[in-house]
Amino acid sequence: MATQLVAFAEPLPLEPNKQLITTPERFEKLIRFLESRPKIVIDYETSGLDYANGAHSIGMGLAAWTDSGQIWNAYVPYRHRTGERQLDFALVAPALKGLLENQAICKIAHNIKFEDHFSRREGWAILGPRYDTMIAARLYDENYSAKLENRAEWDLGIRDSRRWETRVHDRIVALARMNRLGIEAYKKIHGYEELGIELTAQYCGTDVEQTGLLYEFYERAGVSQLYARIWATEMALTSDLCDMEENGLPLDIPYLEDVKRQVVQAQEVAAYQINQVILGGHGINPGSDKEVFDLMWNRMGLRWTKKTKKGAMAVDEEVLSQFSATNAFCYYMLKWREANKIETTYTESLIAMCDPRGVLHPNFQSVGTVTGRLSCGQPNFQNMSADNDDRAIEFSGKKVEKGGVDPWSIRRAFPMRHPGWVRLFFDYSQVELRVLAEYSQDPIMIDSFLRREDLHQRTANEIGAVWGKECPRRVAKIANFGIAYCLSAAGLSRQAHIAESEAEFFMATFFARYSRVAAFREELWGEARRNHCQWTNIFGRTRRVPDLQSGDFRKAKSGERRLIGSAIQGTAAEFTKESIVRANRALKERRIPALLCNTVHDEIQIDTPREYMAEVITIVKPLMEYYPEIKSIPIIADVEWSDKTWADKQDYEEAV
DNA sequence: GCGACAAGCTTG
DNA sequence: GTACGAGCTTGTCGCT
């Protein structure tokens, strides 16, 4: 089959600067050349993206600069399934291992973490200095896609940067059709392994060449020097995230299957109430917002004002809640949505992503956000639903904090890695508010953190004293988190469920007491407007918000909110990123059996045998708290641990 | 049948 | 118009 496919394939003469290596002699020459270079570009082609579920490399693109400064590139095929002549993997493996583990050679790649995963699968590492052009692209301009072909077009001006990518895609579409598979299904099974070797050489050669050119471009722009500190962190982090993803988190599949049965039943009950009892058999699809709106507005005559971003009438949780006390349809819609969310997002799809041993390996992206935070997908470990108090009370009669159990808990599906091991949770304490306090130098905030008070309660007290009546801590918490990001009185009123007049008075009092917060915002925006709409945080990460100088008032205001958000969130994110690098390095140096396995914005999770728990904390907690550039207040990492599941974490002090 | 988009929900 | 940053899922709509 595979051989026949090639017979039909169009012959493709290689572009002049490209080499296809299919003989041992030429491979030998290639390796000798590359071994003599100070830096090389690498790019695997693979049989799929999922390294944990059988995907492997099928060939490697390599590029380097000649003595005269020209980029020279080659493709080395070794596991294509086309029947064409290629190199024997046993022959290339030792040479590739020697090359990639050579500490004297800098490895350049566009998303080097991907290369890291597939190298490890072959039994070697990427050692020595590394340079990721995808991260450089993000630092150069965070407002634009970091995809290789996009940057080749945008930053290098290569108009036909996608010429081979398009040809590859067309070929994959044809192969998928011949195999009677959808494109995604085909790529999951075969990746590029049935792709003709010449076409792959064209495509991969272009990729490594463009990566090399992007390296030149970003270095001429001074990226690694301009952002020296975060650059060092980001490059080290590529390898640490690779560790973290490989370690992954084991999943309790039978438990999740049980949760699925329960939520499916709950949906059936809700759908029966909606369609049979309430609508008398003339039912709707509860998943269709259009039908839900039509029913509520036209058939039930309900009226509300909230709209979606595009101007349609919203039918979200907030709107349904307005009517759910008196309208049974809205009540059961909320029930249906809750159960449906858990079923579709957190049961079967998680089980389907497991490796053969039942472990989930997510994908952390260092360039996934404009602020500098990490993003995570496949699955997203950063939005696993937390235990719900109402469900816990219904089931066990107790709140979650008091030992209650949420029967639909997703975090309970994340058990320990091995018997006798525990999971440690290092969580930065109110880190964004500490960043705000440091930047704004607000005396009350600083005083509160120096006294190790509960800042939300302090705010409640400060407001209460002026207000003449007690301010709930809950409302103060919303204000503390929201006001720096320009939460309006109307927004506070809506979120905190308080009267608008109360919210207005509250905000006025807040700004009177925390006067430096508003002043800091204005200073930040002024500084940015004087500097091409850019602002650089204490670690050197820059956020560019061109909308800041928009003539459109709304756009400019939105830009202000995004900039202040990025300033605070991005600074906080840097603590977590650098701490991941520090922690992994320290634990490896001391040869402690501890595995980094997850991070959720202001939190790092580490697995270790119970007997190492105290030692790991002694090592990790101080290095997370050591950021001397924060001069006015302490940075604190709280420690929790569990020997059961993610949902069962408890304070470390109480356990001792 | 596929891709893009919108809306809604989850999280820090 | 009215709080920042993400990812995943379903439904809808237009296009091939």
Side-chain angles (χ1 to χ4, degrees), chain A residues 142 173 176-177 182-184 284-293 306-320 333-334 336-350 353 362-365 367-388 408 410-411 427-428 430-433 435-436 478-496 500 503 507 521 543 545 552-570 572-573 576 598-603:
Chain A
E142 75 283 0
V173 169
R177 197 167 294 147
I183 296 166
E184 291 313 309
I284 64 161
N285 175 3
S288 167
D289 298 337
K290 200 171 161 253
E291 290 179 40
V292 170
F293 165 74
K306 187 176 179 185
K307 292 183 177 174
T308 68
K309 205 170 55 183
K310 290 278 169 184
M313 298 307 297
V315 287
D316 63 4
E317 193 265 347
E318 192 189 324
V319 171
L320 293 175
M333 267 304 299
L334 289 169
W336 184 88
R337 282 213 182 132
E338 180 186 27
N340 180 255
K341 179 70 182 178
I342 288 174
E343 195 224 338
T344 56
T345 308
Y346 299 114
T347 59
E348 261 185 9
S349 67
L350 285 186
M353 281 184 261
N363 176 28
F364 285 103
Q365 287 198 207
V367 296
T369 68
V370 290
T371 60
R373 266 191 180 180
L374 294 168
S375 72
C376 182
Q378 303 155 255
N380 183 356
F381 278 2
Q382 299 180 324
N383 71 349
M384 290 301 162
S385 62
D387 289 34
N388 178 302
W408 296 357
I410 298 306
R411 294 192 177 186
D427 190 324
Y428 276 116
Q430 300 185 331
V431 63
E432 292 194 358
L433 290 169
V435 168
L436 178 61
I478 293 167
N480 280 338
F481 280 120
I483 286 178
Y485 305 127
C486 311
L487 180 69
S488 63
L492 179 64
S493 155
R494 197 173 51 244
Q495 277 230 1
E500 209 160 321
M507 295 219 11
R521 292 193 317 203
R543 177 76 169 103
V545 183
D552 184 338
F553 180 76
R554 280 175 302 178
K555 270 193 180 175
K557 283 288 168 202
S558 157
E560 289 181 348
R561 292 195 300 271
R562 280 179 281 130
L563 183 63
I564 189 84
S566 293
I568 295 168
Q569 203 179 88
T576 304
N598 195 10
T599 172
V600 190
H601 304 308
D602 60 358
E603 173 180 335

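Because only heavy atoms are used, hydrogens play no part in the values below, and waters and symmetry mates are left out as well, while side chains stay in.
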- prompt: OP1 or OP2 of dT11(B) less than 4.0 angstrom from a side-chain nitrogen or oxygen of Asn380(A), does that happen here?
  reply: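 No, because none of the side-chain N or O atoms of Asn380(A) sits under 4.0 Å from OP1 or OP2 of dT11(B).
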Contact class for [X] vs. all strands (heavy atom < 4.0 Å): base, sugar-phosphate, or nothing?
X         : result
Phe481(A) : base
Gln495(A) : base
Asn383(A) : base
Lys310(A) : sugar-phosphate
Ala386(A) : sugar-phosphate
Arg177(A) : nothing
Ser558(A) : nothing
Glu338(A) : nothing
Ala484(A) : nothing
Gly287(A) : sugar-phosphate

With the side chain of [X] defined as its heavy atoms from C-beta on, choose the nearest nucleotide among [options].
X         : options                  : answer
Arg561(A) : dA3(C), dG7(C), dT12(C)  : dA3(C)
Asp289(A) : dT10(C), dT12(C), dG8(B) : dG8(B)
Thr344(A) : dT10(C), dC4(C), dG1(C)  : dT10(C)
Arg554(A) : dG1(C), dA3(C), dT9(C)   : dG1(C)
Ile183(A) : dC9(B), dG3(B), dA3(C)   : dG3(B)

- prompt: For the atom pair CZ (Arg562(A)) and OG1 (Thr371(A)), what is the distance rounded to the nearest 0.5 Å?
  reply: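 If we round to the nearest 0.5 Å, Arg562(A):CZ and Thr371(A):OG1 are 12.5 Å apart.
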query: Between Lys557(A) and Leu563(A), which has a closest nucleotide on DNA chain C that is more 5'?
result: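 Checking each residue's closest nucleotide, the 5'-ward one belongs to Lys557(A).
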- prompt: Of Thr371(A) and Gly377(A), whose nearest nucleotide on DNA chain C comes first from the 5' end?
  reply: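 Of the two residues, Thr371(A) wins.
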message: Could you tell me how far apart Asn340(A) (CG) and dT10(C) (P) are, to the nearest whole angstrom?
response: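 So the CG-P distance, Asn340(A) to dT10(C), works out to 8 Å.
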field: Distance in angstrom units between Lys341(A) NZ and dG8(B) P, rounded
entry: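 Between P of dG8(B) and NZ of Lys341(A): 12 Å.
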query: For dC4(C), which nucleotide in any strand shown is its Watson-Crick or wobble partner with both distances under 3.5 Å?
result: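 Because both required distances fall under 3.5 Å, dC4(C) counts as paired with dG12(B).
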Base paired to dG1(B) (Watson-Crick or G-U; both N/O distances under 3.5 angstrom):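 For dG1(B), the partner nucleotide comes out as dC15(C), under the 3.5 Å rule.
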- request: Kindly indicate whether the side chain of Arg373(A) and the base of dG12(B) share any N or O donor-acceptor pair separated by less than 3.5 Å?
  value: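 It does, because a donor-acceptor pair links the side chain of Arg373(A) to the base of dG12(B) below 3.5 Å.
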message: Tell me whether the side-chain N or O atoms of Gln569(A) pair up with the base of dC4(C) as donor and acceptor below 3.5 Å, since no angle test is needed here.
response: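 Under the 3.5 Å cut-off, the side chain and the base do form a donor-acceptor pair.
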- prompt: For Lys306(A), does the NZ atom sit with more than 12 other heavy atoms under 6.0 Å from it, leaving out its own atoms?
  reply: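 Yes - once you tally the heavy atoms of other residues, nucleotides and ligands closer than 6.0 Å, there are more than 12.
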query: Is Glu348(A) atom CD crowded by more than 12 heavy atoms from other residues, nucleotides or ligands, each under 6.0 Å away?
result: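 For Glu348(A), atom CD is not crowded (no more than 12 foreign heavy atoms under 6.0 Å).
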- prompt: Quick one: are Phe481(A) and Leu433(A) in side-chain contact, heavy atoms under 4.5 Å?
  reply: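 They are in contact (side-chain heavy atoms under 4.5 Å apart), so the answer is yes.
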message: What I'd like to find out is whether the side chain of Asp427(A) reaches to under 4.5 Å of the side chain of Asp602(A), using heavy atoms alone.
response: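 With C-beta onward as the side chain, the pair touches.
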